[in-house]
Each structure stands twice: as structure tokens, then as C-alpha cells.
Amino acid sequence: MLTGPKRKGSPYWQITGTYCGVRVRESTQTDDRRIAEKIRVEREHEIQHAKGSEKQRTVSHAIVEYIENGGENKYLHLINEHLGQVPLDEVNQHSIDRAAREAYAAYRKGDNGKLRTYSKSTIKRQFYTPLASVLHYAHDIGWMPYLRIKMPKVDRPPPQWADKKWFEKFFKNASKELAAITTFLAGTGCRISETLNLKPNDVNLDEGWAYVRTTKNGEPRMVYLSEIVMNAIRPYVEADEKAVFYMYNSRHNVNNDLKRTCDKAKIEYLSTHKVGSHTFATNLALYANMDAKALTETGRWKDPKSTHHYTHYVTRDQAKKADALTQMLTQN
């Protein structure tokens, strides 16, 4: 596989390494990583062609075409390395599973060289899901029949969320800044990346909304702000800063602050995602009687499948009819 590091003193990404027996060391003449990645994949494609290995379209061809038409190129280099030279009409579940095992074999991490393995969720997110996008695109443009890929089965852990008792102890020990950002996360369900990118000009405290421009799926959305959320963030919205939560420059800073505060309060540590998304959804299901469809309609999620597991902790109305068993179970 060819790699693309930057050379010392040069702003441009480089292409270096050996591919199909050909040694490459050249500049991409661009400092844009996305463009450089596209050039690298195209270079591998050219080498394949020159070596006479391109008798028909391969996964590598599909990757190049996918990127050229706006596809996300993250993680595709590893797929190209282990599956790129396979003809599209020879790709099947067996070849995909084998390539995934090769790509995500055990690896060493840390100074002590401890051997670790990748989780199924990581392999699914970094290999199977992007590969499926490439192959589905190849099908859409008529390069191959539709192939349904069986994804690794990932056991989703139950959500963890903050309740009233947790917040009572937390707020007694949290700084004003941490209390404000935590209130925003729990009161809106926003992701930490969306929260840290929020600009004062995107918040309207008079009408009670915030415009989130940078979302995971790339679609901006309006977020409703309750009165308690507006009161918590008001000092930071009105401050003359580039970002509302200017005091934090990364999710790691927020999570580290959360960890220290939870330890001090002697409560369970909840990450920004748990105190935000999990808390927002679960408490709306518990106290506002919102089902998966209703949670999706808040705009925070696109698919009810993403919110269904938050409703498992709600006592259904039909189940409450068990009160009728009181007389039967009463001991005289």
C-alpha cells in the first residue's frame, strides 16, 4: 500500500511506498488531505493498469469512482490494500470476511507492546460499512450486481443516563462552565462536536432556538432551547467570543472535567455522549411519554431504529394494569 505523509518543510502530502512491486516516492502537489487521498488511490489504480492486472473492474476502480463522485474516503485505504485488486464480480461474503480479518488482525498498542484486538463495532464501522457504500455505489452505476453484505453482529450495550439524583450531586461539585455545557448537552441531546462548534450568532435567546450547522450527517438543524438551558448558556452566548463554549477546545477536555467532577461528587462517571444524547432521549421517554417515532421527530436522530432502545426503560400503560392483581397477591 502507498502511504501519504507530509515531508518535513513541505506543505504538500507525499505518496511513498511500494505497490505491486513498483516503488513510488512523489508529491501530490496539494495540502488538502482529501484530494491527496484521491490522488493516492488513483496512483495505485494506474500501477495496477500498467502491471497488466486490470482485466476487469476491481474494488479499487469502484473506490476511485466513489471518491470522485463525492464519497467519503475515510478508512478506504485499508479496504483498498486488502481488497482493491479483487474483481467486482468476484467479491462475495467470504472474500470480504477474509479481507476484514487480515486488515484488523491483532495489533500492539502502548509502550509495553500489549497485544490487543479490534472490537466488532470498530471493524464494522471502519471496514464493512464504508465497503458497503462503495459496492452499493458500484451497483448503482451498473458495474456489478447488488450484493447484500452481512455485517458483524454487534451487541449494543444498554444506554446509561443521568437522573435527578445524579444531577443534584453533580451540580454541587461542578464549575459554572461545566454545569452550563452539561445542561446544554442534557437539555438538547446535541453531540459534543455540535456543542463545541456552536457560535453565539447561531443562538437566539429571545425565541429559544439554536442553529446547529455542523452535524454528524451533514444536515444542519434547529434545536429547541428550554428556559433552563437558555439561562445556563446565556453568559457564554453574550460573551464576545468565537464559540459559545470557548473555554473547552476539545471533547477530551470536557470528558476529563466530567471525570474529575464525578469523582469529586462520588457519582458514576458519564461521558458527554451519555450525559447528552442518552440522558436527553431516556428522560423524554420516561417523563414525556415519547416513543421512538416521537424522539426521532425532535430532529436529533434520522431513524426510529436509532431511538428504539431508549424506550425500553419506560413502563408501558398496558403493563400498569397489573395493579388489578393486588387483591390476588395480598396476604391476609
Side-chain angles (χ1 to χ4, degrees), residues 1 3-4 33-34 36-38 40-42 44-45 57-107 109 116-159 191-194 214-219 221 251 271 273-274 277-278 281 292 296 300-310:
M1 181 190 74
T3 58
R33 187 167 187 171
R34 180 185 175 87
E37 175 68 10
K38 175 186 170 184
R40 183 190 64 76
V41 174
E42 289 177 339
E44 291 180 351
H45 168 74
R57 290 191 178 102
T58 64
V59 173
S60 181
H61 293 103
I63 289 175
V64 171
E65 193 72 13
Y66 176 75
I67 294 174
E68 286 183 344
N69 286 276
E72 174 60 55
N73 63 9
K74 193 174 184 179
Y75 305 127
L76 293 183
H77 67 282
L78 201 55
I79 294 172
N80 192 56
E81 178 183 354
H82 291 273
L83 207 62
Q85 297 184 54
V86 177
L88 289 173
D89 60 5
E90 293 182 15
V91 177
N92 53 39
Q93 189 68 47
H94 176 69
S95 63
I96 292 171
D97 292 339
R98 183 178 58 192
R101 287 194 299 270
E102 293 173 353
Y104 290 88
Y107 69 102
K109 182 179 181 181
R116 300 174 182 267
T117 56
Y118 289 92
S119 67
K120 288 183 179 179
S121 60
T122 296
I123 297 173
K124 178 181 178 181
R125 183 180 71 256
Q126 297 185 3
F127 194 90
Y128 283 84
T129 299
L131 174 61
S133 297
V134 171
L135 297 184
H136 291 166
Y137 179 78
H139 163 72
D140 290 342
I141 60 177
W143 283 12
M144 65 179 294
Y146 177 78
L147 176 64
R148 180 180 178 274
I149 300 176
K150 184 178 181 181
M151 301 283 184
K153 185 177 181 181
V154 177
D155 295 327
R156 189 170 190 174
R191 299 177 178 87
I192 185 61
S193 58
E194 298 169 345
T214 54
T215 64
K216 183 178 180 180
N217 57 34
E219 297 180 4
R221 72 176 191 278
R251 69 176 66 228
S271 66
H273 188 65
K274 293 174 182 177
S277 180
H278 288 197
T296 307
R300 168 58 177 80
W301 299 270
K302 293 191 69 174
D303 189 345
K305 293 180 181 178
S306 301
T307 59
H308 183 68
H309 66 296
Y310 292 117

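All values derive from a computational prediction rather than experimental measurement. Numbers for residues simply follow the sequence, beginning at 1.
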Which distance, rounded to the nearest 0.5 Å, do you find between the [atom1] of [X] and the [atom2] of [Y]?
X     : Y      : atom1 : atom2 : answer
Ile63 : His77  : CD1   : NE2   : 10.5 Å
Glu81 : Leu78  : CD    : CG    : 6.0 Å
Leu76 : Gln126 : CG    : CD    : 11.5 Å

Could you tell me whether the side chain of [Y] reaches within less than 4.5 Å of the side chain of [X], counting heavy atoms only?
X      : Y      : result
Phe127 : Tyr104 : yes
Leu83  : Ile96  : yes
Leu131 : Tyr75  : no
Leu135 : Met144 : yes
Lys120 : Lys153 : no
Ser193 : Arg251 : yes

Give me the atom names and distance for the closest heavy-atom approach of [X] to [Y].
X      : Y      : result
Val64  : Glu42  : CG1-CG, 3.8 Å
Gln93  : Tyr128 : NE2-CE2, 4.1 Å
Lys124 : Pro152 : CD-O, 3.9 Å
Ile149 : Ala132 : CD1-CA, 3.7 Å

- prompt: Is a side-chain N or O of Ser60 found less than 3.5 angstrom from the main chain of Gln85, in a donor-acceptor match?
  reply: no
- prompt: Taking only residues two or more places apart in sequence or in another chain, which ones pass side chain to side chain contact (heavy atoms under 4.5 Å, CB included) with Ile141?
  reply: Glu65, Tyr137, Trp143
- prompt: Between Glu194 and Arg221, is a side chain to side chain contact (heavy atoms under 4.5 Å, CB included) present by the stated rule, with each step listed?
  reply: CA-CA 11 Å; Glu194 298 169 345; Arg221 72 176 191 278; 3.1 Å; yes
message: Go through it in stages, so that I can follow the logic: the residues are Thr58 and Val86, the test is side chain to side chain contact (heavy atoms under 4.5 Å, CB included), and I'd like the CA-CA distance, side-chain angles, deciding distance and then a yes or no.
response: CA-CA 5 Å; Thr58 64; Val86 177; over 6 Å; no
task: May I ask you to decide if the ring planes of His278 and His273 are parallel, tilted or perpendicular, using 30° and 60° as cut-offs?
output: perpendicular
message: Applying side chain to side chain contact (heavy atoms under 4.5 Å, CB included) to Glu72 and Ser133, what does each step give before you reach the verdict?
response: CA-CA 9 Å; Glu72 174 60 55; Ser133 297; over 6 Å; no
field: Ionic contact status for Glu37 with Arg34, cut-off 4.0 Å
entry: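 Here Arg34 does not pair with Glu37 in a salt bridge, since their nearest N and O are not under 4.0 Å apart.
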message: For a side chain to side chain contact (heavy atoms under 4.5 Å, CB included) check, start with the C-alpha distance between His139 and Leu147, then their side-chain angles and the critical distance, and finish with the verdict.
response: CA-CA 8 Å; His139 163 72; Leu147 176 64; over 6 Å; no
